[in-house]
Amino acid sequence: SKFWGVSWDKTRRRWQAHYTDANGKLRTVGLFDTQEQAAHAVNAAIRALPQHVQRRRNINPVVDGQLVPKKRKAKGHAPDYATRKRRRDERAAAAPS
């Protein structure tokens, strides 16, 4: 999904909203027809939590009434990808043939 706390429920064919509570337990908010509805529901559920718990949760930012999708990294471009590739190449070069 484009938003925090929203995932596609394949069996029900709807968007599921969920978050992790203060005890680390996954809480389901509900099922929704659109990602945006589910993201708004997650935001509302997190805002209902105590303030000290809210600070540790990701909420979906809203700008001018519109939800802003989370930023995604392209596959294979994680920060450590270049390091792992370099180490693999060094090991291959150092291995006796």
Side-chain angles (χ1 to χ4, degrees):
S1 168
K2 301 186 292 187
F3 305 107
W4 294 105
V6 178
S7 60
W8 178 249
D9 188 333
K10 194 189 282 190
T11 57
R12 295 181 181 114
R13 299 180 53 86
R14 295 183 75 194
W15 292 100
Q16 183 178 28
H18 49 79
Y19 69 95
T20 306
D21 69 5
N23 298 325
K25 190 171 181 180
L26 187 68
R27 299 286 183 175
T28 301
V29 179
L31 297 168
F32 300 90
D33 292 327
T34 66
Q35 293 183 65
E36 290 77 12
Q37 290 174 338
H40 281 296
V42 169
N43 286 355
I46 291 173
R47 285 192 187 105
L49 297 172
Q51 190 66 31
H52 70 281
V53 178
Q54 285 183 29
R55 280 183 252 138
R56 293 179 280 157
R57 302 290 172 265
N58 288 324
I59 62 166
N60 297 294
V62 179
V63 177
D64 296 329
Q66 296 291 327
L67 286 162
V68 178
K70 63 185 176 184
K71 293 186 177 160
R72 301 191 132 214
K73 294 182 222 170
K75 289 190 178 193
H77 292 88
D80 61 338
Y81 176 73
T83 305
R84 285 193 319 235
K85 186 174 185 303
R86 190 176 327 111
R87 286 185 191 146
R88 186 176 61 233
D89 293 344
E90 288 171 359
R91 275 189 239 126
S97 304

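Scope of the values below: all heavy atoms of this structure, side chains included, with no hydrogens, waters or symmetry mates. Computed from a predicted structure; not experimentally measured.
- Counting heavy atoms from C-beta outward, Val42 and Phe3 have side chains that stay 4.5 Å or more apart.
- Asn23 places no side-chain N or O within donor-acceptor distance of the main-chain N or O of Lys25, the cut-off being under 3.5 Å.
- Within the model, atoms CH2 of Trp8 and CZ of Arg14 stand 9.0 Å from one another, a figure rounded to the nearest 0.5 Å.
- Between the OG atom of Ser7 and the CD atom of Gln35 there is a distance of 10.0 Å, given to the nearest 0.5 Å.
- The structure places CZ of Arg27 at 13.5 Å from CD1 of Ile46, a figure rounded to the nearest 0.5 Å.
- Looking only at distances, a side-chain donor or acceptor of Asn43 sits under 3.5 Å from a matching main-chain atom of Asn60.
- A 4.5 Å side-chain heavy-atom check between Glu36 and Trp15 finds every atom pair outside the cut-off.
- No continuous path of ILVMFWY side-chain contacts below 4.5 Å connects Phe32 to Trp4, so the two sit in separate hydrophobic clusters.
- Hydrophobic clustering (ILVMFWY, side-chain heavy atoms < 4.5 Å, transitive): Leu31 and Val6 are in distinct clusters.
- Residues Gln37 and Asp33 come closest through the heavy atom pair OE1-N, 3.3 Å.
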